[in-house]
Amino acid sequence: MDQKFNLNYSFPSLHPYLKNVAKNIKSPDSVYLMEKKKDKYQEITYQQVIDEANAISAFFHYHNYQKQDRVALIIENCPEYICFDQGLMQLGLVNVSIYPTLSESEVAYIINDSGAKAILVGTPFLLRKINKIKASCPNLEKIIIAFDTDKKEDGVISYSEMIAFGSDQYKTTQAAIDERCAGVTRDDLSCLLYTSGTTGKPKGAMLTHDNFLSDLEMALELIYIVNKDYVFLSFLPMCHVYERTATYYLSTIVGTQIAFAQSLEALTSNIQEVKPTAILTVPRLLERIEERVRKNVTSKGGLSLKIFNWAVSAGEQRRLLKEAGKTPGPLLAIKLAIAEKLVFSKIKEKLGGNMKIMISGGGAMPQHVGEFFGNLGVLVCEGYGLTETSPLVTANEPHRQVFGAVGRVGRLNEVAIQNPDTKEIITIQTFDSYDPNFECGEGEILVRGRNVMKGYWNLPEATAEAIDSEGWLHTGDVGKFYKGYLKITDRIKNILVNSFGKNVYPTPIENTYLKSNKIEQIFLIGDKQEYLTAIIVPSREEMKEVFGFKEDYFEQADDFIREEEIRKWIEADLHKYEKELGKFERVKHFAVKRRLFTLEAGEMTPTQKVKRKLVEQKYAEEIKKMYVVLVD
C-alpha cells in the first residue's frame with residue numbers, strides 16, 4: 001500500500017497550510033494553479049496566490065471588516081476564488097459561496113440571511129443579477145467584480161483595483177494582519193454553505209476550520225494514494241462543499257496542482273490538454289463515458305466489438321480475483337497485457353493518459369458503472385457525505401473497492417444505522433470496528449464526529465431537528481452496511497409507499513432504467529398508488545440519430561412527446577431492463593417529457609436532485625392521465 005500523507009496538526013486553522021506547502025513541500029515558485037487563457041493554460045505560482053491573498057486581507061482589514069464577518073462570492077471556479085477565500089480566512093472572515101445559477105430571489109435571500117457585507121462577482125451577467133437585487137440587500141456594502149470593464153457604477157470596485165490597493169496597504173499593515181491570522185482558531189467558522197434542498201428555503205450550514213481539517217485527515221487516510229505530484233482537473237463548482245474540500249482544500253494540504261476546466265462542454269478537450277492524475281466527478285458523467293464507449297464499439301461491430309467484449313471479460317476476471325484477494329495467473333496475465341494494448345490503453349488515453357484516480361460523489365453511482373471502470377483497470381473510488389458533514393463520511397479505499405457501496409467509515413466520525421420506526425440504533429460503526437464481512441439491516445444513516453457542522457445559521461429549531469441531543473446528525477438517507485462498507489439505498493423523503501403499504505426506493509430503480517442509452521432522465525411516481533409510473537426524458541442525441549429530429553423539435557410548446565413510435569422505442573428498453581426488478585418496482589405507464597428537468601426551470605437543485613413535490617405539482621395533469629388510463 002502507498003504511504004499515506006502525514007498531516008501537520010500543529011496549525012490552528014486552514015489558512016496556514018498553503019504557506020506551509022510553499023515553504024516545506026514545494027517552493028514559492030512552484031506551480032499551484034493553471035487557468036486557460038488565450039487558448040493556452042497559464043501557470044500561477046504559490047507566491048502569486050499568497051501575494052494576492054495578503055493583498056485581499058489588507059483590503060478588508062483597511063475597511064474594518066471584523067473576525068467572523070460574512071463575505072459572499074458568486075463566481076465560477078477560477079484562481080480568484082482561491083485567492084479571495086485565502087485572503088478572507090487569514091482574517092477569520094466567513095466565506096458565503098453562492099451558486100451562480102440561483103435565481104435573483106434566492107441570491108438575495110442568501111445575502112440577507114447571512115448578512116454578507118461584500119460580494120465578489122464573476123461575470124457581467126452575474127453583476128446584472130446583483131444590481132437588480134442590491135437595493136433589497138441593506139447589509140451589502142461592496143461589490144467587487146472579477147472582470148475588466150470601462151463602465152463601473154458607484155460602489156463597484158474591480159478585483160485588480162482591490163489587489164493594487166491591498167498590496168500597498170499590506171506593506172504597512174503586515175504585522176496587524178499576521179496578528180489577526182494567529183487569532184483564527186479551529187472552532188471559528190470558515191464558511192456558510194447553503195444547502196440547496198428539494199423543499200423550502202436554503203439553510204446555511206455553519207462549517208468550521210476544524211470541520212474541514214477533520215475531513216481532510218480522513219480523506220488522506222482513506223484515499224492515501226494522493227500526493228504532491230498529482231494534478232487535479234477542477235470542473236465541479238467550488239461553491240459546493242464536495243469540490244471545495246476534496247480538490248481545493250486537499251491541494252493546500254498536500255501540494256497538488258489544480259487546473260481549471262473552462263466548462264463542462266470543454267471538459268473533454270481540457271482533459272487532453274492538462275492530462276490530469278485525478279478528478280472529482282459525479283456518477284452521471286461516468287455513466288456518460290461508459291455509454292459513449294459502448295456505443296462507439298457497438299457501431300463499429302464485427303471484429304472491433306468482439307475484441308472489446310473479450311478484453312472487458314478478461315478485465316472482469318481480474319477484478320473478481322482482486323475482490324477475492326487473489327492475483328491473475330500466467331495465462332490471464334497474458335490476456336490482460338493484450339487487452340491493455342488493444343483496448344484499455346485507448347480508453348485511458350481519452351482520460352488524458354495519466355489518470356490515477358477518479359473520485360465519485362454527489363450521488364449514488366450505479367454498480368454497473370463502477371464495475372465497468374474496474375474491468376478497464378481505471379480506479380474510481382466512490383465516497384459519501386453531505387454539506388453538513390463537510391462533506392466526507394466514508395470512502396472506498398483504493399486497495400479494496402466494493403462496487404455499489406460508498407466505502408469505509410472515516411476515522412474521526414461514527415456512522416449509525418437507526419430503525420426509522422422504532423428509533424432503535426441497529427449498529428454503530430467506526431474506522432476501527434471495520435470488518436469486511438459485516439452486514440446489517442437497513443435504516444436511517446446517522447453521523448457523529450468532528451466533521452459535523454455547528455448547525456444551521458439563524459435556525460436553532462432546524463439545527464435541533466437535524467442534530468439530536470447525543471450529537472447524531474440525522475442525514476435523511478437510508479442505508480445499511482454491506483461487506484463492511486456503507487451502502488446507500490435512497491433518501492427518506494424520496495421513498496414511495498404504495499397503496500399496499502410497501503416501501504419503494506426510486507433511486508436504484510431509476511438507475512436500472514438509466515442503463516438504457518435512450519433515457520437521459522427518469523422520475524418515478526407512485527406514492528399511495530397501486531403501481532409505478534414515470535416521467536421519462538429521452539436522450540436528445542439518440543432521438544436525433546434514430547428519428548432525424550432537428551433542434552426545433554425539442555423547442556415545441558408541448559412539454560410532452562406524444563408520438564406512438566417514440567413511446568414504443570422507449571418501451572422496448574423499459575421491458576428489457578425491468579427483468580432486473582421486482583414486479584412492484586416496474587414502471588407500468590410513462591409520459592415522455594420533451595426537455596430535461598433543469599435548475600433554470602426550477603425543477604432541480606444546484607446539486608442536480610429533482611424537486612419531487614414541485615415536479616409532481618407542475619405536471620399533475622399529465623401524471624393524473626397516466627393513472628386514469630390504467631384504471632380505465
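FYI, the numbering just counts along the sequence from 1.
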Contacts of type side chain to side chain donor-acceptor pair (under 3.5 Å), residue Asp188, not counting sequence neighbours
Lys67, Thr185
Please round to the nearest 0.5 Å and tell me the distance separating atom CD1 of Ile271 and atom CZ of Phe235.
8.0 Å
Under 3.5 Å, is there a donor on one side chain and an acceptor on the other for Asn211 and Thr208?
yes
Is the CD atom of Glu461 crowded by more than 12 outside heavy atoms at less than 6.0 Å?
no
So does Ser136 get a backbone contact from the side chain of Asn112, meaning a donor-acceptor N/O pair under 3.5 Å?
yes
Does one side chain, of Glu243 or Ser234, offer a donor that lies under 3.5 Å from an acceptor on the other?
yes
Is the closest side-chain heavy-atom distance between Arg612 and Leu496 below 4.5 Å?
yes
Spacing of OH belonging to Tyr242 relative to CD1 belonging to Ile359, to within rounding of 0.5 Å
6.5 Å
I'd like to know if the side chain of Asp490 reaches the main chain of Val478, judged simply by a donor and an acceptor atom lying under 3.5 Å from each other, with no hydrogens or angles considered.
no
Anything under 30° is parallel, anything over 60° is perpendicular, the rest tilted; go ahead and classify His209 against His15.
perpendicular
Any donor-acceptor pair under 3.5 Å linking the side chain of Thr256 with the backbone of Tyr230?
no
Is the side chain of Ser390 donor-acceptor paired with the backbone N or O of Asn451 at a distance under 3.5 Å, no angle test?
yes
Leu614 backbone acceptor or donor facing Glu603 side chain under 3.5 Å
no
Glu104 and salt bridge (charged side-chain N to carboxylate O under 4.0 Å, His left out): which single residue from Arg128, Lys129, Lys132 fits?
Lys132
May I ask you to test the Lys593-Phe523 pair for a side-chain heavy-atom distance under 4.5 Å?
no
Flag if over 12 foreign heavy atoms under 6.0 Å of CD, Gln68:
yes
For the backbone of Ile110 and the side chain of Ser114, can you confirm whether one donor and one acceptor N or O come within less than 3.5 Å of each other?
yes
Lys134 NZ: over 12 foreign heavy atoms closer than 6.0 Å
yes
Determine whether the side chains of Asp215 and Thr245 contain a donor N or O and an acceptor N or O closer than 3.5 Å.
no
Is the backbone N or O of Met365 less than 3.5 Å from a side-chain atom of Glu382, with the two atoms forming a donor-acceptor pair by type?
yes
What pairs with Glu510 under salt bridge (Lys or Arg N to Asp or Glu O under 4.0 Å), at least two apart in sequence or on another chain?
none
Check side-chain contact (heavy atoms from CB on, under 4.5 Å) between Leu599 and all other residues, then give those that pass, not counting sequence neighbours.
Thr101, Pro606
Qualifying residue for ring pair (Phe, Tyr, Trp, His ring centres under 6.0 Å) with Phe212, from Tyr248, Tyr17, Tyr249:
Tyr249
Steps toward side-chain contact (heavy atoms from CB on, under 4.5 Å) verdict (Asn494, Lys609)
CA-CA 11 Å; Asn494 283 352; Lys609 296 179 180 72; over 6 Å; no
If I take atom CD1 from residue Ile623 and atom NZ from residue Lys618, how far apart are they, to the nearest 0.5 angstrom?
12.0 Å
Roughly how far apart are Asn270 CG and Gln262 CD, rounded to 0.5 Å?
4.5 Å
Residues in side-chain contact (heavy atoms from CB on, under 4.5 Å) contact with Gln48, at least two apart in sequence or another chain:
Ile44, Thr45
Side chains of Pro79 and Tyr32, heavy atoms from C-beta outward: is any pair under 4.5 Å?
no
For Thr489 and Thr507, which heavy atoms make the closest approach, and how far apart are they?
O-CB, 4.1 Å
Does Arg540 reach the side chain of Glu551, with side-chain heavy atoms less than 4.5 Å apart?
yes
Without swapping roles, check the side chain of Lys454 against the backbone of Asp187 for a donor-acceptor pair under 3.5 Å.
yes
Does a donor on one side chain sit under 3.5 Å from an acceptor on the other, for Gln66 and Asn64?
yes
How many angstroms lie between atom CG of Asn95 and atom OG of Ser190, to the nearest 0.5 angstrom?
6.5 Å
Heavy-atom pair of closest approach, residues Cys239 and Leu193:
O-CD2, 3.3 Å
Quick one: pull up CG in Leu351 and NZ in Lys275 and give me the separation to the nearest 0.5 Å.
11.0 Å
Partner residues of Tyr65 under the side-chain contact (heavy atoms from CB on, under 4.5 Å) criterion, sequence neighbours left out:
Phe60, His63, Asp69, Val71, Leu93, Lys117, Ala118, Glu141, Lys142
Under 3.5 Å, is there a donor-acceptor pair between the Tyr384 and Asp477 side chains?
yes
Set out, in order, the CA-CA distance, both residues' side-chain angles and the distance that settles side-chain contact (heavy atoms from CB on, under 4.5 Å) for Leu412 and Glu217, then state yes or no.
CA-CA 8 Å; Leu412 298 177; Glu217 183 179 343; 3.3 Å; yes
Could you tell me whether a side-chain N or O of Arg594 sits under 3.5 Å from a main-chain N or O of Glu555, the two making a donor and an acceptor?
no
May I have the step-by-step check of salt bridge (charged side-chain N to carboxylate O under 4.0 Å, His left out) for Asp113 and Lys201, ending in yes or no?
CA-CA 11 Å; Asp113 185 65; Lys201 291 182 178 178; over 6 Å; no
Identify, with sequence neighbours excluded, every residue that meets side chain to side chain donor-acceptor pair (under 3.5 Å) alongside Asp468.
His474
Indicate whether the side chain of Tyr81 and that of Ser97 have a donor and an acceptor atom separated by less than 3.5 Å.
yes
Thr463 (side chain) donor-acceptor with Tyr456 (main chain) under 3.5 angstrom
yes
